[in-house]
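What follows is a single structure, written as C-alpha cells, with notes after it.
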Amino acid sequence: MSPDRAQDRSHDCPILHVDMDAFYASVAIRDRPELHDVPVIVGGGHRGVVLAANYPARRHGVRSALPMTRARRMCPEAVVLPPDYDEVESVSSSVMEIFRQVTPVVEAVSLDEAFLDVSGSWRRLGTSREIAEHVRARVSDEQRVTCSVGVAGSVSVAKLASRRAKPDGVVVVPPREVTAFLHPLDVGELYGVGEKTREQLHRLGLRTVGQVAHTPVATLQRGIGAAAGAHLHHLAWGTDRRTLTPRRPTHEPDRSMGADETFGRDTDDRAVVVRELLRLTAKVTHRMRTAGVAGRTVTIRVRFSDFTTITRSRTLPDATDVTGEVHATAVGLFDALGLQRARIRLVGVRVEGLVPRGSVQRQLVLGARERGWEDADRAVDAAASRFGGGAVRRATLLLGDRP
DNA sequence: TCTGGGGTCCTAGGACCC
DNA sequence: TCTGGGGTCCTAGGACCC
C-alpha cells in the first residue's frame with residue numbers, strides 16, 4: 001500500500017453513499033444559469049409540499065417537505081417551479097448507469113440516492129476516496145448536477161457521512177473514527193429515528209448518539225420497542241452489518257402498490273369519493289397488471305379535514321388485479337364507515353400481499369361477470385399502451401366535477 | 001390554501017387452530 | 001374441570017424514509 005493510500009485509509013471503507021444535491025431543483029435549473037444564484041423551490045402546486053429547494057432558498061429556511069404555503073411566506077422572492085418528473089427520471093437513470101460502470105453492486109434507494117460497494121473496484125479505479133471523486137466528476141461533467149458522497153465501512157455510517165459532505169463534497173469516515181464521528185450527533189440524525197422517536201428518546205434523557213450507545217439495550221427496547229431498540233443500539237456503535245442488495249430479486253414482487261390523492265378542496269360528497277376511489281383503483285390495478293402481480297388485501301385510507309387518518313382493510317379469498325373487484329371492495333369499506341357529513345381531505349387505495357399473477361389459483365371458477373371485467377381491463381390496458389394513459393376512462397370518470 | 005405521494009416495517013389484540 | 005401455550009392470519013394504527 002502506498003503511503004498515500006495508507007493515509008486516506010479508504011480500503012477500510014468499501015461503502016459509498018451517493019446523494020444528489022437538491023435533486024429536483026438542480027435538474028430544473030441546470031440549463032438556466034440565471035437561476036443558479038437565486039432561491040428556487042420545486043414543488044407540487046395545489047396544497048403541495050416542497051420537493052426540493054436549492055441552496056439559496058435553504059438559506060431562508062426552506063427545506064423539503066415544507067408546505068408550499070409556508071415556503072412561499074418564508075421566501076417570497078423565490079422562483080417556484082413545478083417538478084419535471086420525466087427529466088428527473090432521465091437524469092437519475094443516467095447517473096445510476098455511471099454508478100454501475102464503477103461497480104455492479106449498486107443499491108438504488110430512490111431516484112436521487114444509491115449505495116455502492118466498491119471493494120471489487122479498488123484494483124481498477126483506486127481508493128474509495130478516489131472512486132468517490134471519480135463518480136462526482138462524471139456526474140457533474142455528464143449530467144451537469146452535483147452530488148455528495150459519504151464513504152465508510154458500513155451502510156449506516158456512509159449515509160450519515162454523505163449528509164456531512166453536502167453540498168458537493170466527500171467525507172470519508174474510516175472505522176477507527178466512527179465513534180468519534182457518530183457520538184456527538186443528535187439522535188435524530190440516525191436512520192430510523194424520526195420526530196416521534198427522537199422525542200421519546202429525549203424524554204429518556206438521551207439526546208446524543210453517544211448517550212444512546214452507552215444505554216443498555218433492554219432500556220432502549222422498553223422505551224421504543226424491541227426491534228427498534230436493538231437496531232438503534234447497533235446504529236449508535238456503527239456496527240450495523242447490513243449488506244447491499246443490488247435490487248429486489250425478480251421473483252419477489254413489491255409488497256404492495258397503492259395510490260392516494262388529496263382533493264383540491266375537502267369534500268363530504270359520497271359520489272365524489274366513490275369516483276376518486278375508482279380513478280385511484282384503476283391506476284393501481286393497471287400498474288399491477290403491468291407488473292404481472294395480484295393481491296388479496298385491499299386497504300383504503302381516509303384523511304379528514306383535521307388531518308386525522310384512518311385505514312380499513314379487507315382480505316379477499318383470492319388474489320385479484322381486477323379493477324371492478326378492488327373498487328367494489330374499496331367502496332364497501334368506505335360505506336362501512338357510515339360517515340355522515342365528515343369533511344374528507346384525501347382518499348387512497350392500496351393492494352397488499354402481492355404475488356405473481358401466474359401463481360394465483362382461483363378456488364372458484366370465474367363467473368361470466370368477473371371474466372367480463374378482466375376482458376375490459378385488458379382492453380383498457382391495451383388502449384393505454386397504444387394511445388397513452390388518458391385515452392380510455394371508465395364512463396363514471398368522465399362525468400361531472402372536472403375543473 | 002399549513003401539512004404530497006410512493007412505499008416499508010413494526011406492534012398489538014383477537015380469532016382460530018393444534 | 002379453573003381456565004396452558006404456541007403459531008399464524010387478519011385488522012388497525014403508527015412511525016419512518018425519500
Side-chain angles (χ1 to χ4, degrees), chain A residues 17-20 22-24 42-52 62-74 80 82-83 85 88-89 92 107-115 155-156 159 162-163 187-201 221-232 235 242 245 248 252-266 280 283-284 287 291 295-317 329 333 336-337 345-354:
Chain A
H17 180 252
V18 187
D19 200 338
M20 309 303 296
F23 193 40
Y24 285 79
V42 175
H46 205 58
R47 301 183 108 177
V49 298
V50 174
L51 268 168
V62 178
R63 295 178 327 278
S64 297
L66 207 64
M68 282 300 292
T69 47
R70 277 191 61 194
R72 286 180 203 261
R73 235 178 294 136
M74 292 170 91
V80 176
Y85 293 105
V88 164
E89 267 178 47
S92 174
E107 179 181 324
V109 179
S110 65
L111 289 176
D112 69 341
E113 237 183 87
F115 290 102
V155 165
S156 62
K159 169 94 181 164
S162 72
R163 195 177 302 170
V187 286
E189 300 276 322
L190 293 179
Y191 189 85
V193 178
E195 203 185 314
K196 307 286 179 179
T197 305
R198 180 170 180 265
E199 282 170 17
Q200 268 182 302
L201 291 168
Q221 291 181 311
R222 266 197 307 280
I224 64 171
H231 183 54
L232 196 60
L235 293 184
R242 186 164 92 75
T245 50
R248 196 184 285 278
E252 202 184 321
D254 286 348
R255 305 211 185 278
S256 70
M257 288 190 191
D260 47 46
E261 187 152 280
T262 300
F263 291 112
R265 286 174 44 190
D266 296 353
L280 295 168
K283 186 169 159 187
V284 171
R287 275 166 42 205
R296 282 181 63 207
T297 303
V298 177
T299 303
I300 64 163
R301 199 148 81 100
V302 179
R303 173 169 293 152
F304 299 102
S305 52
D306 68 354
F307 225 71
T308 59
T309 308
I310 60 171
T311 62
R312 290 293 181 271
S313 62
R314 196 172 132 207
T315 300
L316 305 171
T329 307
L333 288 165
L337 292 172
R345 179 188 178 88
L346 163 149
V347 290
V349 180
R350 177 163 295 277
V351 181
E352 301 171 58
L354 301 184

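For the numbers below, each heavy atom of this structure counts, side chains included, while hydrogens, waters and symmetry mates do not. Residue numbers start from 1 in every chain, and the chains themselves are labelled A, B, ... in the order their sequence lines are given, proteins ahead of strands. Here the structure is a predicted model, which means the values were calculated and not measured.
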By the 4.0 Å heavy-atom rule, please label A/Thr197 as base, sugar-phosphate, or nothing. sugar-phosphate

Contacts of A/Gly225 and A/Lys283 projected onto DNA chain B by closest heavy atom; the upstream (5') one is A/Lys283

Taking any heavy-atom pair under 4.0 Å as a contact, classify A/Arg265: base, sugar-phosphate, or nothing. nothing

Could you go through the side chain to side chain contact (heavy atoms under 4.5 Å, CB included) check for A/Val298 and A/Arg314 one step at a time? CA-CA 5 Å; A/Val298 177; A/Arg314 196 172 132 207; 5.6 Å; no

Is the shortest side-chain heavy-atom distance between A/Glu89 and A/Leu111 below 4.5 Å? yes

Considering every strand and a 4.0 Å limit on heavy-atom distances, what is the contact class for A/Arg47: base, sugar-phosphate, or nothing? base

Heavy atoms under 4.0 Å, any strand shown: does A/Arg303 hit a base, just sugar-phosphate, or nothing? sugar-phosphate

Contact class for A/Arg350 (heavy atom, under 4.0 Å): base, sugar-phosphate, or nothing? base

Do the non-hydrogen side-chain atoms of A/Val193 and A/Leu235 ever get within less than 4.5 Å of each other? no

A/Ser305 and A/Asp266 have their tightest heavy-atom pair at CB-OD2, 3.0 Å

First and last nt of DNA chain C near chain A, cut-off under 4.0 Å to heavy atoms, 5' to 3', are C/dC10 to C/dC18

By nearest nucleotide on DNA chain B, pick out whichever of A/Ala227 and A/Gly48 is the more 5' one. A/Gly48

Any side-chain to backbone donor/acceptor pair from A/Glu113 onto A/Asp19? Under 3.5 Å, distance only. no

Check every strand shown and say whether A/Gly43 touches a base, only sugar-phosphate, or nothing at a heavy-atom separation below 4.0 Å. nothing

For the pair A/Tyr24 and A/Tyr85, name the ring-plane relationship: parallel under 30°, tilted 30 to 60°, perpendicular over 60°. perpendicular

Heavy atoms under 4.0 Å, any strand shown: does A/Ile300 hit a base, just sugar-phosphate, or nothing? nothing

Across all chains, not counting sequence neighbours, the side-chain contact (heavy atoms from CB on, under 4.5 Å) partners of A/Arg296 are A/Thr315, A/Ala319

Mind checking if A/Leu66 touches a base, just sugar-phosphate, or nothing, with heavy atoms under 4.0 Å? nothing

Would you kindly compare A/Arg296 and A/Thr309 by the position of their nearest DNA chain C nucleotide and give the one closer to the 5′ end? A/Arg296

When all nucleic acid strands are considered with a 4.0 Å heavy-atom cut-off, which category describes A/Ala259: base, sugar-phosphate, or nothing? sugar-phosphate

C/dC18 and B/dC2: how far apart are their P atoms, nearest whole angstrom? 28 Å

Could you write out DNA chain B as dot-bracket? Rules: Watson-Crick or G-U wobble, both distances under 3.5 Å, brackets [ ] for crossings, | for pairs with another strand, dot for unpaired. ....||||||||||||||

For A/Met257, answer base if it contacts any base atom (sugar-phosphate contacts may also be present), sugar-phosphate if it contacts only those atoms, and nothing otherwise; contact means non-hydrogen atoms under 4.0 Å. sugar-phosphate

Glycosidic class, syn or anti, of B/dT3 using a 90° window around 0: anti

Are any side-chain N or O atoms of A/Ser110 and backbone N or O atoms of A/Ala108, one a donor and one an acceptor, separated by less than 3.5 Å? no

Looking at A/Arg345, I want to see if its CZ is surrounded by more than 12 non-hydrogen atoms of other residues, nucleotides or ligands under 6.0 Å. yes

Whether A/Lys283 and A/Glu261 form a salt bridge (side-chain N of Lys/Arg under 4.0 Å from carboxylate O of Asp/Glu) is what I want to check. no

Rounded distance in Å between the P positions of B/dT3 and C/dC17: 22 Å

Give one of base, sugar-phosphate or nothing for A/Leu111, where a contact means two heavy atoms less than 4.0 Å apart. nothing

